[in-house]
Number of protein chains: 2
Amino acid sequence: MQDPTDTAGESSPGLVSTAIQAITRHIRSEGLAPGDPLPSEAAMTRQLNVSRTVVREAFRSLSAMRLIDMSAGRRATVAKLDTGAMSMVIEHGITTQQISVHQVYDVRRTIEMRTVALAALRRTDAEAAAIGQSARSMRENFLNPEIVMEHDIAFHEAIAAASHNPVFSLIVTAFSGVTRSTWVIGWRTRSSNEDQLKMIKGHEDIAEAILKGDPRLAAEHMAQHFDKSVKALLDAGIA
Amino acid sequence: MQDPTDTAGESSPGLVSTAIQAITRHIRSEGLAPGDPLPSEAAMTRQLNVSRTVVREAFRSLSAMRLIDMSAGRRATVAKLDTGAMSMVIEHGITTQQISVHQVYDVRRTIEMRTVALAALRRTDAEAAAIGQSARSMRENFLNPEIVMEHDIAFHEAIAAASHNPVFSLIVTAFSGVTRSTWVIGWRTRSSNEDQLKMIKGHEDIAEAILKGDPRLAAEHMAQHFDKSVKALLDAGIA
DNA sequence: AGACAACAACCTGTCATACAGGTTTTGAGG
DNA sequence: CCTCAAAACCTGTATGACAGGTTGTTGTCT
């Protein structure tokens, strides 16, 4: 167990990377679905002929990316699609100033112009109701910014879900963290209650267009919403 | 060093998660930029009052997400924005059948309709040249599918880069892996050389529109390109 | 004094072992 | 057949050891 070069080839980029590849390959070759169990660490250790340390770091890495779920006592399982890794990448980009909030909003606008149109075309009644409920909750709590923000985020995620394309959901949700750390700034620049209510009205318009099943109208309202939001951020001096 | 509950609070979701948070918080609070060094594992071990095992798994996890760079002997450094984690998430979604190739193409279409328009508006001369060169290389090697594919991928990534929004680049690049595993299928359904050359012509049209700085025309050509690509995949029975 | 080589200090990569605590399996007894 | 407790298995964390890479220091030679 002390000659790591005897099994396969590679070696150069480290044993852990090799182990990660082995695990993902296992998932693919066995055709595993979310919830299915993976081999135990001990089994992997034997199969790859490396120490448990290496196997464990590989499992842990995949767990950090939310590709697998781990918990004490149980074997690791294949994970459902999750936005964890993407969020961390985006947030890392922001904190290290490699991307700006403005750039994130440009991407969000691009994507949500599409999700809102798709939602108008493909939403179920339940989804339309959920979207409308989020908008209504924003109005009902409009004196409490924190709560308005959470409903705002839920609103956009609900629209993405109603697009019935999980990749859109993934991306939109990945941006939610950024939204959480900038939302209040935009809210504050809308000095008057009137402005704030107008912004909430924008959400209701979007929800209504989705309910009516009018993709063009929905996209138009979404565009206006984003233009105003970006303007609010720019007014506040956010790059 | 054997009472992990003495330092902060939390505890429940595992020491490793806590360590990961501590490291990312360190990056943020110190305002580190890509290339800047992080504390050594030993230092982190002392600071968090946990074993090296835990600290190491945390570092390794961040390294797997490409948020930091590690190499033997040197301290870990903050990493430049990289698509590694995102690619893995997307590919995981595909292999576990939680997302379909078709859905990925829909997202690509949405995003690249925007990147191509931005590229037409913001491209530098060098970027326009690189995009044109990729298209030309596709034609020159059109008998060798593998090479055409690589230039095709480079073409789209170059357009994303010319949009001058790294978030777009990140997403487009993350999809390249999926493209690599499906591209040949689409190519084969274009049975005749004539069809294949027509597809390459589409790329040249896009490059030309970007060179001319005409965002509307560029977007139109991109839309046609994607519609044909998706049709080719559908003809081949790809969901 | 300056160049350069050898060395020391530090760092990460990997291995082995140990044990605590959670989960599943098993099997004995009713 | 059901119940329930022990056994077997599994992950979470700690510790110590050593190989090999990197960097800064020192001391010698020119």
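We name chains A, B, ... by the order of the sequence lines, and we start the count at 1 in each one.
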[X] vs [Y] side-chain heavy atoms within contact, under 4.5 Å:
X        : Y        : value
B/Arg180 : B/Thr182 : no
A/Glu140 : A/Ile147 : no
A/Asn141 : A/Glu146 : no
B/Asp152 : B/Trp187 : no
B/Met88  : A/Thr24  : yes

Return the residues of residues 65-75 of chain B meeting this criterion: a heavy atom under 4.0 Å from some atom of DNA chain D. Order them by number, or give none.
-> B/Ala72, B/Gly73, B/Arg74
May I have the distance from [X] (atom [atom1]) to [N] (atom [atom2]), rounded to whole angstrom?
X       : N      : atom1 : atom2 : result
A/Arg46 : C/dA16 : CZ    : C1'   : 16 Å
A/Leu38 : D/dC9  : CG    : P     : 20 Å
A/Met44 : D/dC10 : CE    : P     : 13 Å
A/Glu57 : D/dT11 : CD    : P     : 16 Å
A/Glu41 : C/dT17 : CD    : P     : 17 Å
B/Phe59 : C/dG13 : CZ    : P     : 10 Å

When we call it a touch if two heavy atoms are under 4.0 Å apart, what does A/Ser40 touch: a base, just sugar-phosphate, or nothing?
-> sugar-phosphate
Between A/Arg56 and D/dG12, does any side-chain N or O lie under 4.0 Å from OP1 or OP2?
-> yes
Sequence neighbours left out, what passes side-chain contact (heavy atoms from CB on, under 4.5 Å) with A/His225? Give chain and number order.
-> A/His156, A/His203, A/Ile206, A/Met222, A/Ser229
What pairs with B/Val230 under side-chain contact (heavy atoms from CB on, under 4.5 Å), at least two apart in sequence or on another chain?
-> B/His102, B/Tyr105, B/Leu234
Terminal helix-axis angle for the helix from C/dA1-D/dT30 to C/dG30-D/dC1, with five pairs defining each axis and rounding to 10 degrees = 10°
Any N/O donor-acceptor pair, A/Ser51 side-chain to C/dA16 base, under 3.5 Å | no
Does B/Arg52 get its side chain close enough to the base of C/dG13, under 3.5 Å, for a donor-acceptor pair?
-> yes
Just distance, no hydrogens or angles: give the donor-acceptor pairs under 3.5 Å from side chains in residues 52-60 of chain B, sequence neighbours left out.
unit_1, atom_1, unit_2, atom_2, d
B/Arg52, NH1, B/Glu41, OE1, 2.6
B/Arg56, NE, A/Glu57, OE2, 2.8
B/Arg56, NH1, B/Glu41, OE2, 2.7
B/Glu57, OE1, A/Arg60, NE, 2.9
B/Glu57, OE1, A/Arg60, NH2, 3.4
B/Glu57, OE2, A/Arg56, NE, 2.9
B/Arg60, NE, A/Glu57, OE1, 2.8
B/Arg60, NH2, A/Glu57, OE1, 3.4

With sequence neighbours left out, which residue pairs that include part of residues 69-92 of chain B fulfil the salt bridge (charged side-chain N to carboxylate O under 4.0 Å, His left out) condition?
-> B/Arg66-B/Asp82
